[in-house]
Amino acid sequence: MMSSKRKCNRDIEQRGKKKEKREETTEISEIIVATDVKEKVKEAWRKNEQCTHGGIEVDCNPFPHCVLRNFIQDQTFVENLQRELLNLNFHDKSNDLYKFKQSDDLKKRKEPYIAGLRAVLFQQFRSWLAEVLQVELEPTVDISCAKYEYTDILLCHDDELEGRRIAFILYLVPAWDQADGGTLDLYSTDENYLPQKVVKSLVPSWNTLMFFEVSPISFHQVSEVISEEKCRLSVSGWFHGRSLDRPPRHIEPAPPRSPHLPRDEELLFEWINPVYLDMGYQEQVQEEFEETSEILLKNFLKEDKFKEVNEALKQNEIRWVRRGPPNKRRYERADQQGLPPCVSACWELLSSEAFFLLLSNFTGLKLHFLAPGNDEEEGEAEEKEGGGREENGEGAEGSSTGCPAVTAAGRPQEVKEKAKTSREDSTPVCRGEVRRWGHGDYTLVHDTDLDNTEFALDLLLHCGCEDWQTEFGGFTSYIANGEDEELLTVNPENNSLALVYRDKETLKFVKHINHRSSTVAGNRHHGNAFYDFSFVYYE
Ligand SMILES: O=C(O)CCC(=O)C(=O)O
Ligand SMILES: [Fe+2]
């Protein structure tokens, strides 16, 4: 009974649907299609010039783009389109580059106004574009709908992907102001085609379509939405055609690495919570680390030492230098010259010979020639070579079992491969930075980053994060290359030492620090910043 009744209902629904209109048709505004306007836009684009006419603006700086106000002729069509879009399911999207909501795929949606928009964009508008820009554009439909609300963002990127020729965005937003955030910011680029700074911000507005040429210099971002009420709804996509030639990507020089500084274990006794200097405890830490490839050692520094460093980092004497480029990172690094003495001393601690040995004990990695190797094959080989490895009281304790890296699927064989290729005779090295993190800062994952494609031990020691909350961002996220799923997150937490051993398929980023971080009342210096010592050690 039940099933036949349901079937009956469905029949009625389907019959109802058949009567429904499949597609609402619409056209782009007369002013845009007018012959004289078309000619002007065409001329400006060809000559790389600027031109304004009514609601139309072409500008070739910092790269060719165009704003078309009142894009769709019929207001009610746009209102109905907005209603349909808001009725779709939206999914939270979040990774290193963005945080926003994306709708179900628009490519195949049957809603009449969505279907109508698809038609007008990929038929009437596509031929307008092809003629005005003098490019061939394929009929490929590439379109989606995005919703940016409070603290949502899309960081600096260039849109480049095989086949994408022209990017477009149609805004369906309420009255919008620069102060609401959510502007489309265009970046200038330097001689290496790297983005430098925002030189133009476009404030979204109702029924405005903006398009630009996708190229090696088309760097742009959607700035963080600061308005707590407004919703920045947009439909965006790409017209496909032959991609422009891309010059070889700039390769950043790898930051310099140094061997340990010759300092003995006195330094450890002076600085480190005695709990962590107990050999028995170190063995326990190593056991846990070898299981999970990560560990968090709370209250790591002695309390008075931590306090001293924590205060010193907030002093004005440190010269903070902003780091870019924005398609890779944004944060400040302390200039090593002129660091307060206790900050320098903490740096020295983390770079010291004694600390390399301590890390070997915590992790089972061979970060000192006196530390035992970390896989059995090597242990056997060394013994055959005559053994007699010198034992060292402070550093050589611990088992010599393999240490897996933080990886998506746990690939111990890769660890062994690496052990064979790069371990022999290499001197363990490290590199470090003292960083300041405030509103707007982030790092992005870049698979072209050579520095990220090696086995390495990451160390993070956070300071100044007294009332930091996860929802502010600023946490370090480890992911498998090419996937958004998180393997591990390290939250900013005062005086916690985080150690993570990562393999070459594991990438990390610091999540964009959003506007919520600056809303908490706090009497901190430099807004609501926190600090970290970020070191990387290589066997
Ligand atoms: O919404 C915008 O203004 C730009 C969106 C964008 O850059 C993108 O989706 O790639
Ligand atoms: Fe984009």
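Just so you know, ligand 1 is whichever comes first in the structure, and atom 1 is the first atom listed for that ligand. Throughout, residue positions are numbered sequentially from 1 according to the sequence presented.
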If the test is salt bridge (charged side-chain N to carboxylate O under 4.0 Å, His left out), which one of Glu252, Glu433, Glu332 qualifies with Arg323?
Glu433
Are any of the N/O atoms on Tyr148, whether in the backbone or the side chain, positioned under 3.5 angstrom from an N/O atom of ligand 1?
no
Going by the order shown, which atoms of ligand 1 are within less than 4.0 Å of some heavy atom of Ile169?
1 (O), 2 (C), 4 (C)
The Fe ion (ligand 2) to Asp158: any N/O/S contact under 2.8 Å?
no
Quick one: nearest non-hydrogen protein atom to [atom], plus distance?
atom                   : result
atom 7 (O) of ligand 1 : His220 NE2, 2.9 Å
atom 3 (O) of ligand 1 : Tyr171 OH, 2.6 Å
atom 4 (C) of ligand 1 : Val222 CG2, 3.5 Å
atom 1 (O) of ligand 1 : Arg232 NH1, 2.9 Å

Establish, from distance only, whether the side-chain atoms of [X] and [Y] form a donor-acceptor pair under 3.5 Å.
X      : Y      : result
Asp185 : Ser201 : yes
Asp458 : Tyr478 : yes
Tyr538 : Arg431 : yes

Restricting Asp159 to its N/O/S atoms, the closest one to the Fe ion (ligand 2) is OD1
So, of the N/O/S atoms that His220 has, which is the nearest one to the Fe ion (ligand 2)?
NE2
CG/Leu68 to CD1/Ile56 distance, rounded to the nearest 0.5 angstrom?
6.0 Å
With a heavy-atom distance limit of 4.0 Å, tell me whether [X] approaches ligand 1 through its side chain, its backbone, both, or neither.
X      : answer
Gln221 : neither
Leu154 : side chain
His157 : side chain

Under a 4.0 Å N-O cut-off, is there an ion pair linking [X] with [Y]?
X      : Y      : result
Asp441 : Arg322 : yes
Glu43  : Arg46  : yes
Glu466 : Lys314 : yes

In the structure I gave you, are the side-chain heavy atoms of Val222 and Arg232 within less than 4.5 Å of one another anywhere?
yes
Pick, from Asp159, Leu233, Asp185, the option with the minimum heavy-atom distance to atom 10 (O) of ligand 1.
Asp159
Is it true that Met210 lies under 4.0 Å from ligand 1, counting heavy atoms only?
no
